[in-house]
Amino acid sequence: MTAPAPPPAPGGPGQTITVTPENVLAARRVIGEAAEDAKFKLQNLRTKLMVQASARDEISTTAAAVWNRNLLVGPESHFERLHSYVESVEELANQLEEAAKAYGFTDEEIEASFKSSEARF
């Protein structure tokens, strides 16, 4: 039994954002929070997405294995693609931190920009 492979990963360039000294810390905070939230939700969903065989026969166990490979297990699975996307959003937050440093913000100022939002976690 075979199931269709997951759709191809999205290609092409992403969106461009423009930051200034006035908005770089806010942009990093919003993007960093979104990445943390998505990562947390994705990890909590992983076990819920696992497909269990409805019976112990060969068709049921094979079908469950195929679904799990496409949903969760393989490097091209939907879960891994989402995980890769979240990692790229985390990398964008890191790039924004570097931009903030280039604008002259200190590590302490960058850290302080998150303190007001830490209470929501």
Interatomic spacing from CZ in R28 to CD in E98 - rounded to 0.5 Å: 9.5 Å

Shared hydrophobic cluster for I17 and V30 (ILVMFWY, side-chain gaps under 4.5 Å): no

same_hphob_cluster(F79, V89) at 4.5 Å side-chain heavy-atom cutoff: no

Atom OH of Y103: over 12 foreign heavy atoms under 6.0 Å: yes

Sidechain-backbone polar pair: N68 side chain, M50 backbone, donor-acceptor under 3.5 Å: no

Considering all heavy atoms, the nearest S60-S54 contact: OG-OG, 3.5 Å

Intermediate values then yes/no, side-chain contact (heavy atoms from CB on, under 4.5 Å), E91 and E87: CA-CA 6 Å; E91 179 55 32; E87 286 179 336; over 6 Å; no

Same apolar cluster (I L V M F W Y, side chains within < 4.5 Å links), I31/V86: no

Interatomic spacing from CD in E76 to CZ in R69 - rounded to 0.5 Å: 12.5 Å

Same cluster (ILVMFWY, side-chain, under 4.5 Å), L42 and Y85: no

Whether over 12 other heavy atoms sit under 6.0 Å from K101 NZ: yes

Spacing of CG belonging to N70 relative to OG belonging to S77, to within rounding of 0.5 Å: 8.0 Å

Joint cluster assignment, L25 & V19, ILVMFWY side-chain distance < 4.5 Å: yes

Where A64 and A53 come nearest, the two heavy atoms and their spacing: CB-N, 3.6 Å

Derivation and outcome, side-chain contact (heavy atoms from CB on, under 4.5 Å), residues H83 and Q43: CA-CA 9 Å; H83 186 258; Q43 290 303 323; 4.0 Å; yes

Inter-residue atom distance L72.CG - K48.NZ, 0.5 Å rounding: 13.5 Å

Atom pair CG (N94) and CD (E90), whose distance is rounded to the nearest 0.5 Å: 7.5 Å

Closest contact, heavy atoms only, A55 versus T61: O-CG2, 3.9 Å

Whether E109 side chain and T106 backbone form a donor-acceptor pair below 3.5 Å: yes

Test log, rule salt bridge (Lys or Arg N to Asp or Glu O under 4.0 Å), inputs R29 and E111: CA-CA 10 Å; R29 185 186 75 246; E111 176 92 16; over 6 Å; no

Exam field: side chain N23 to backbone T20, donor-acceptor pair closer than 3.5 Å: yes

Closest heavy-atom pair and its distance - L71, L49: CD1-O, 3.8 Å

